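Report on the following structure.
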Amino acid sequence: MHSISKLSAICLATACLVAGDLLNDKKCRTLAVDVAIVGGGAGGAYAAVRLKEDYNKSIVLIEKEKELGGHVSGYIDENGVHWEYGVSQFNDYGPARAFFERLGVTPGVPVRYPLTPEFVDFKTGRPVNTSLPPAANVTAAFQKFLEVVAPFEDYFLPGFWNFPPPDQIPADLLLPFRKFVEKYEIQAAVYNAFQVTAFGAGDLDKALTLYVLTAFGPPMIRFFLGQATLFVPASRRNSEVYEKIQARLGDKVLYSSTVTKSERSASGHTLRVEESSKGGCTIVKASKLVLGIEPTEANLKPFGLDKREKEVVDKFNYQVVHVGIVSHPSLPAGKQLVNTPEAAAGGNYLELPKPNFIPRFDHMAPNSTNFRIMVISKEGTTVKDAQQLAQSSLNAMIKAGTLEPAAKKEKLTFKVWSNHGNMHAHVSADDLRKGFIQKLNGLQGYRGTWWTGGAFSGQLQAILWAFDDILLSKMYP
Ligand SMILES: Cc1cc2nc3c(=O)[nH]c(=O)nc-3n(C[C@H](O)[C@H](O)[C@H](O)COP(=O)(O)OP(=O)(O)OC[C@H]3O[C@@H](n4cnc5c(N)ncnc54)[C@H](O)[C@@H]3O)c2cc1C
Ligand SMILES: *[C@@H]1O[C@H](CO)[C@@H](O)[C@H](O)[C@H]1NC(C)=O
Ligand SMILES: *[C@@H]1O[C@H](CO)[C@@H](O)[C@H](O)[C@H]1NC(C)=O
Ligand SMILES: *[C@@H]1O[C@H](CO)[C@@H](O)[C@H](O)[C@H]1NC(C)=O
Ligand SMILES: *[C@@H]1O[C@H](CO)[C@@H](O)[C@H](O)[C@H]1NC(C)=O
């Protein structure tokens with residue numbers, strides 16, 4: 001729809017330009033570079049810095065928003081205090097610490113506001129009688145978890161570069177996560193894994209262990225075992241990382257810009273880039289192309305995928321993630337309301353909410369009335385649907401008497417909201433057995449195009465940076 005309306009707008013403005021003319025439009029400025037990078041999130045922005053500074057390539061980075069950073073989102077509250085409600089911390093993994101140093105970002109220790117968990121079924125609104133497993137059991141379960149997956153770590157971290165051929169994929173990686181947990185009796189690790197990042201994998205009864213591990217893998221397990229750390233900028237502003245990248249890349253970034261039409265080939269690319277607010281256009285000629293955007297149909301439409309490319313990216317399924325900061329007088333200070341199905345009572349840690357769900361309401365600070373929430377949902381979930389789920393969860397807890405009703409019957413206040421869109425790209429065990437990963441890897445370099453981002457590696461900033469290091473070494477061996 002989007003590209004059709006763009007096309008007709010162009011028809012009106014300049015009499016009708018056919019596709020070829022759009023790439024040879026004299027009113028656009030022209031730019032010739034070694035590498036064009038599309039998407040300035042974790043994968044694209046890091047690749048841009050290294051291509052420019054370490055590979056001495058001329059580059060352009062095309063980013064649809066007004067700033068770089070992708071899932072990093074900051075919010076300044078009523079008291080002028082800055083909060084991160086997107087990416088919260090960086091794993092000390094791969095090149096992350098060295099990259100902070102290169103950028104001149106001083107690392108600091110994340111500060112956590114200790115919250116008391118309260119287990120509530122967000123559907124019925126009723127409290128659930130359960131408790132956290134003893135710390136010793138949690139440690140033992142994480143030890144076992146690591147012992148089982150560490151031998152395969154190289155298959156999916158950072159990225160699937162060394163993934164085994166279909167007939168040699170370890171059966172454990174293709175087990176639905178529930179089965180995997182039951183097999184190794186690591187139930188005591190499930191609560192922490194889920195609450196930190198594994199919820200992103202969606203329904204853990206069905207999600208394959210491989211994809212749980214791309215959301216919550218060895219770097220996070222090692223964190224829980226005290227063998228690895230997490231850090232943030234000492235400024236506590238994660239956007240500092242991307243601001244420093246912006247400063248280094250300067251005018252090599254085209255902001256508020258998207259590719260609307262392209263011609264790609266092994267020998268080079270022509271991209272028509274349109275700037276949304278000022279309406280300017282640039283025709284970019286690039287020898288190589290790096291795509292750092294989620295490989296959804298809508299995102300890839302302007303890139304004219306061929307059959308081989310389409311067959312790969314069309315296989316992906318996604319979760320949609322929303323994040324917001326909310327407030328309401330009924331939400332209890334100092335608490336973390338944890339969405340816990342009634343079936344989880346008595347320590348059934350594998351009984352988890354299923355999409356669409358909100359994992360928790362987390363109070364943000366003693367002097368604040370704000371709570372941070374996320375929504376993990378099926379593809380196509382809109383902001384309205386996601387906010388409605390937050391409201392109905394709160395309503396259920398008030399109705400059941402778990403939360404005090406407010407004096408006035410007001411609704412939740414949404415202070416800020418961010419739809420992170422499609423994430424956690426995954427395919428079925430069947431597709432993996434049919435060689436999906438090999439076909440995915442086969443796209444690297446095909447038609448002069450290279451791919452980065454969560455769908456090709458994993459769901460953490462530091463993993464993407466480590467993935468890019470390998471990608472670049474393959475682009476320019
Ligand atoms: C709420 C939340 C919390 C998270 N917390 C953490 C955390 O604490 N630690 C951690 O390591 N990871 C965290 N992650 C995960 C991590 O941020 C992602 O895995 C990572 O950002 C993925 O990087 P990416 O390059 O694939 O995509 P993104 O970072 O999303 O980058 C894509 C970029 O492309 C741009 N773009 C999209 N479409 C187009 C287009 N058509 N044309 C041009 N530009 C386009 C986007 O604006 C964006 O800047 C979190 C993610 C979310 C959603
Ligand atoms: C970087 O590339 C430019 C242009 O191709 C070239 O003139 C310069 O010598 C290169 N510098 C290094 C350090 O390779
Ligand atoms: C914790 O581990 C001990 C020893 O293995 C076991 O007896 C106990 O049942 C476990 N408790 C829970 C809640 O898992
Ligand atoms: C909660 O569960 C524990 C055991 O799991 C039990 O001893 C206790 O009575 C239960 N409390 C309520 C209020 O049901
Ligand atoms: C509120 O608490 C936060 C974190 O606990 C702190 O950074 C901030 O300065 C406090 N703000 C006020 C107005 O007291």
Side-chain angles (χ1 to χ4, degrees), residues 30-37 46-61 102 116-148 177-196 198 204-205 216 221 224-226 245 248-253 267-269 284-290 332 335-352 396-397 399-404 448 450 468-469 472-477:
T30 57
L31 186 64
V33 292
D34 295 322
V35 191
I37 303 133
Y46 179 90
V49 169
R50 289 217 57 208
L51 283 165
K52 177 171 178 279
E53 298 182 359
D54 301 338
Y55 287 82
N56 192 29
K57 299 297 172 192
S58 58
I59 62 150
V60 63
L61 173 56
R102 168 196 283 224
T116 310
E118 266 191 24
F119 307 103
V120 186
D121 184 325
F122 287 8
K123 284 213 170 95
T124 64
R126 286 195 291 268
V128 176
N129 184 13
T130 189
S131 56
L132 299 181
N137 297 45
V138 174
T139 303
F142 275 123
Q143 269 160 353
K144 180 78 188 168
F145 193 176
L146 188 60
E147 188 189 304
V148 174
F177 192 61
R178 172 187 277 270
K179 295 260 156 52
F180 176 86
V181 169
E182 286 168 345
K183 177 174 173 187
Y184 293 105
E185 299 182 9
I186 54 168
Q187 286 84 348
V190 170
Y191 180 83
N192 287 312
F194 187 76
Q195 297 302 335
V196 174
L204 296 202
D205 281 357
F216 181 95
I221 301 175
F224 279 99
L225 289 172
I245 294 175
R248 291 172 94 101
L249 296 178
D251 66 1
K252 308 293 180 226
V253 188
S267 56
H269 312 277
V284 174
K285 302 259 184 200
S287 306
K288 293 182 199 258
L289 176 65
V290 174
K335 293 283 167 61
Q336 176 173 62
L337 301 172
V338 182
N339 189 358
T340 311
E342 289 191 339
N348 296 318
Y349 301 110
L350 272 169
E351 297 299 330
L352 297 163
M397 290 187 269
K399 190 148 177 262
T402 304
L403 299 181
E404 296 280 332
W450 302 80
D468 275 0
D469 285 344
L472 300 181
S473 73
K474 292 184 188 281
M475 271 177 82
Y476 293 104

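First listed ligand is number 1; within each ligand, the first listed atom is number 1. Bear in mind the structure is a predicted one, so any value in this text is a computation, not a measurement.
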Closest to atom 2 (O) of ligand 3 among N137, T130, L132 (heavy-atom distance) | N137
Go through the side-chain N and O atoms of D34 and S287 and say whether any donor and acceptor fall under 3.5 Å apart.
-> no
In terms of residue, atom name and distance, what is the protein heavy atom nearest to atom 10 (C) of ligand 4?
-> N129 ND2, 2.3 Å
Going by an N to O cut-off under 4.0 Å, is there a salt bridge joining D121 and R126?
-> no
Please write down residue, atom name and distance for the protein heavy atom closest to atom 9 (O) of ligand 2.
-> N56 ND2, 4.7 Å
Taking every non-hydrogen atom, the tightest pair across E351 and P341 | O-CD, 3.5 Å
Over 12 foreign heavy atoms within 6.0 Å of CD, E404 = no
Is there a heavy atom in P134 that sits closer than 4.0 Å to ligand 3?
-> yes
Hey, is atom 12 (C) of ligand 2 under 4.0 Å from any protein heavy atom?
-> yes
Per-atom contact, atom 5 (O) of ligand 2, protein heavy atoms, under 4.0 angstrom = no
Under 4.0 Å between a Lys/Arg side-chain N and an Asp/Glu carboxylate O for K179 and E182?
-> no
